[in-house]
Amino acid sequence: MNQQLGDRLRFLRAFAANPRQVGAILPTSRAAVRDMLDLGDVPGAGLVVELGAGTGVQTGEVLARMRPDARLVALEIDPGLARLLEDRYDDPRLQVVCDSAENLQEHLDGEQADVLVCALPFTSLEPGLRKRILESLPRALAPRGVALVIQYSPLIQSELRRLFPSVRRRISVMNVPPAFLFACSVETETA
Ligand SMILES: C[S@@+](CC[C@H](N)C(=O)[O-])C[C@H]1O[C@@H](n2cnc3c(N)ncnc32)[C@H](O)[C@@H]1O
């Protein structure tokens with residue numbers, strides 16, 4: 001079985017076990033991952049953080065774009081998926097953390113992310129958890145950092161606009177379903 005098919009089956013199994021936590025039946029397409037990462041400066045980042053890494057579609061592309069001396073901290077709450085990521089990417093720049101994104105600060109040693117990649121299924125998460133995670137995102141970002149958020153609906157757009165002075169939006173049509181991409185900054189572009 002090829003890797004893509006194997007990943008789709010693993011993802012589907014994770015969804016069947018925990019639909020609200022996984023929030024999608026398929027991993028994000030490569031095209032949507034590229035569209036998403038093109039909205040931020042991954043090659044210029046010292047620290048990249050990933051929330052909800054899944055089977056690693058963003059993880060692999062972030063590692064391919066990252067500098068040799070940069071670091072990627074990838075959080076994934078599902079132990080099976082976290083193990084898959086650890087086994088798949090033998091890269092000293094990557095730290096896989098099996099924990100909830102709401103505990104992100106505990107894993108950053110006081111550092112802030114230059115790029116934060118987030119594929120959490122906000123619309124299906126329990127509202128209290130969604131609020132805690134969303135409100136922690138600006139604090140996790142460096143002053144000139146950017147949070148790249150992928151969603152399957154525009155529902156959290158107003159919440160992102162409340163939390164971030166600058167939010168750019170794009171739609172990636174090469175995904176099932178089409179994906180809403182948000183690039184959120186704590187500084188306005190003219191600042
Ligand atoms: C929609 S999937 C995205 C997976 C992958 N990044 C992609 O784009 O294909 C959401 C992922 O977030 C993970 N997740 C859900 N809640 C989480 C939480 N509180 N903390 C960390 N990961 C979480 C799920 O287990 C799942 O792997």
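In listed order, ligands and their atoms are each counted from 1. Residue numbers start at 1 and run along the sequence shown. A quick note: this is a predicted structure, and the numbers were derived from the prediction, not measured. Worth knowing before you read on, the calculation uses all heavy atoms, side chains too, and leaves out hydrogens, waters and symmetry mates.
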Test side-chain contact (heavy atoms from CB on, under 4.5 Å) applied to Val117 and Val49, step by step: CA-CA 6 Å; Val117 175; Val49 166; over 6 Å; no

Distances only, to 0.1 Å: what are the N or O pairs between ligand 1 and the protein that fall under 3.5 Å?
| residue | atom | partner | partner atom | Å |
| --- | --- | --- | --- | --- |
| ligand 1 | 6 (N) | Gly52 | O | 2.7 |
| ligand 1 | 6 (N) | Ala53 | O | 3.4 |
| ligand 1 | 6 (N) | Gln58 | OE1 | 2.8 |
| ligand 1 | 8 (O) | Thr28 | OG1 | 2.5 |
| ligand 1 | 8 (O) | Gln58 | OE1 | 3.1 |
| ligand 1 | 8 (O) | Gln58 | NE2 | 3.0 |
| ligand 1 | 9 (O) | Thr28 | N | 2.9 |
| ligand 1 | 9 (O) | Thr28 | OG1 | 3.4 |
| ligand 1 | 19 (N) | Ser100 | OG | 3.1 |
| ligand 1 | 20 (N) | Ala101 | N | 2.8 |
| ligand 1 | 22 (N) | Ile77 | N | 3.3 |
| ligand 1 | 25 (O) | Glu76 | OE2 | 2.6 |
| ligand 1 | 27 (O) | Glu76 | OE1 | 2.7 |
| ligand 1 | 27 (O) | Glu76 | OE2 | 3.4 |

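- Transitive grouping of hydrophobic side chains (ILVMFWY, heavy atoms separated by less than 4.5 Å) keeps Ile77 and Leu137 in distinct clusters.
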I'd like a table of donor-acceptor pairs (distance under 3.5 Å, sequence neighbours excluded) in which one partner is a side-chain atom from residues 13-24, with atom names and distances.
| residue | atom | partner | partner atom | Å |
| --- | --- | --- | --- | --- |
| Arg20 | NE | Ser124 | O | 3.0 |
| Arg20 | NH2 | Ser124 | O | 3.4 |

Kindly list each side-chain donor-acceptor pair under 3.5 angstrom involving residues 52-61, sequence neighbours excluded, with atom names and distances?
| residue | atom | partner | partner atom | Å |
| --- | --- | --- | --- | --- |
| Thr59 | OG1 | Glu50 | OE1 | 2.8 |
| Thr59 | OG1 | Glu50 | OE2 | 3.4 |
| Glu61 | OE2 | Arg65 | NE | 2.9 |
| Glu61 | OE2 | Arg65 | NH2 | 3.4 |

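- Among residue pairs with one or both ends in residues 112-139, those qualifying as salt bridge (charged side-chain N to carboxylate O under 4.0 Å, His left out) are Glu102-Arg132, Lys131-Glu135, Glu135-Arg162; sequence neighbours excluded.
- The two residues Val173 and Pro178 make their nearest non-hydrogen contact at CA-CB, 4.3 Å.
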